[in-house]
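Inspection log for the structure reproduced underneath, given as structure tokens.
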Amino acid sequence: MSSTQRQYLPSISAMRCFEAASRHQSFTQAAEELYLTQSAVSRQVKELEQLIGAQLFRRTGREVVLTRAGQQLAADIRPELDNIRRIVMKAVSAGNLNSTLRIATLPTFASLWLIPRLENFLQRHQDIEISLSTRLKPFDLVEEHFDAAIHFGQENWPNTDMRLFFTERMLPVASPKLVRRYKLTSLRSLNGVPLLHTSTRPTAWEDFFLNLGLEEYSTLKGRQFDQFSMVIAAAHASLGVALLPKYLIKKDLEDGSLVAISSAEIATQNSYYFVTPSDQDNDNVEKFRTWMFEQANHSPRV
């Protein structure tokens, strides 16, 4: 690193003090979080201001408010500090002779499919730890230091190795209480019954009815939710009829808490993929991937 580069590199302590103060809008609360004195936090922020050549906070009595320059720096510095934390955590794991796999996954898939099975993997591979984080939008695997990701969509993630995990089949279900209330005996009895929609599959009901030649059924009415976990909860609460992936409701169907309105299913156009960086060579990731595919093969067809 050149002397010029070092000149513009602030200390980690200064960046942490600024980031905490920017969140709390208070030097005092930042000091309490970081176990420092208020004057120490103020001194570190002043060091950063001198380096940047701009005022980061406006001081009004005991309160501080971010300036425009401070707002921009706070937005830029927060994800970078998070990346540093992840890098250090990974190094700590390696230093302890353990290996932690960082897996990005979808929240409902993790809570209803992956986590209930995870004990089996951890028992088989006691030297491997798993760290799960949820992601709903596209991101860079390498930049965020993930070893793998579970992706739902098309095979179009650049600079990655994508392996088809399983396809998705959806089934119309409702609570027994709702079935009795509306006397649901077939798909044709759904006319006028509230439907439950999820924002990640906005045309699912429309595609379902069109596929069965039931174009006359309205699919716009009903309740909207942005995650399958909420749709499942809404179905249990008898708020409407849900169109759900079979793999997510296996236990619900077995214990009778949800009932299939029809055996008719629809296969979605998207699929689940196990994704890794294209240039990655990690034996532990391969162990996890092998285990995931074994579990999928023992699951009911989705």
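Quick caveat: nothing in here was measured; it's all calculated off a predicted structure. Note that these values count all heavy atoms, side chains included, but never hydrogens, waters or copies made by symmetry.
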Parallel under 30°, tilted from 30 to 60°, perpendicular over 60°: which one fits the rings of [X] and [Y]?
X    : Y    : result
F288 : F121 : perpendicular
W205 : H197 : perpendicular
F109 : F165 : perpendicular

State, with a plain yes or no, whether a side-chain heavy atom of [X] is found less than 4.5 Å away from one of [Y].
X    : Y    : result
K246 : V173 : no
L132 : I115 : yes
S133 : F146 : yes
L244 : L171 : no
H151 : W157 : yes
D161 : V275 : no
I232 : L112 : yes
V285 : Q280 : yes

Just checking [X]: does its [atom1] atom have more than 12 heavy atoms from other residues, nucleotides or ligands closer to it than 6.0 angstrom?
X    : atom1 : value
K287 : NZ    : yes
N159 : CG    : no
E119 : CD    : no
Q269 : CD    : no
R16  : CZ    : no

Minimum heavy-atom separation for [X] to [Y], with atom names?
X    : Y    : answer
S262 : L187 : CB-CG, 3.6 Å
A149 : F139 : CB-CZ, 4.2 Å
A174 : V241 : CB-CG2, 4.1 Å
N211 : E265 : ND2-O, 4.3 Å
P107 : L136 : CD-CD2, 3.5 Å
L48  : F18  : CD2-CB, 3.6 Å

So, taking the atom named [atom1] in [X] and the one named [atom2] in [Y], what distance separates them when rounded to the nearest 0.5 Å?
X    : Y    : atom1 : atom2 : result
I261 : L243 : CD1   : CG    : 11.0 Å
R68  : L56  : CZ    : CG    : 14.5 Å
T100 : I128 : OG1   : CD1   : 10.0 Å
T198 : L196 : OG1   : CG    : 10.0 Å

query = In this structure, which one of I52, L66, T67 forms a side chain to side chain contact (heavy atoms under 4.5 Å, CB included) with L73?
reply = I52
If you measure only the distance, is there a donor-acceptor pair under 3.5 Å linking the side chains of [X] and [Y]?
X    : Y    : answer
S11  : S13  : no
S238 : S175 : yes
T268 : E168 : yes
S257 : D255 : yes
N282 : E286 : no
H236 : D252 : yes

key: Close aromatic pair by centroid cut-off 6.0 Å: Y247 and Y272   = yes
Look only at the side chain of [X] and the backbone of [Y], and say whether a donor-acceptor pair between them is shorter than 3.5 Å.
X    : Y    : result
Q25  : S22  : yes
S189 : T185 : yes
R163 : Y273 : no

For E80, side chain to side chain contact (heavy atoms under 4.5 Å, CB included) partners two or more places apart = N83
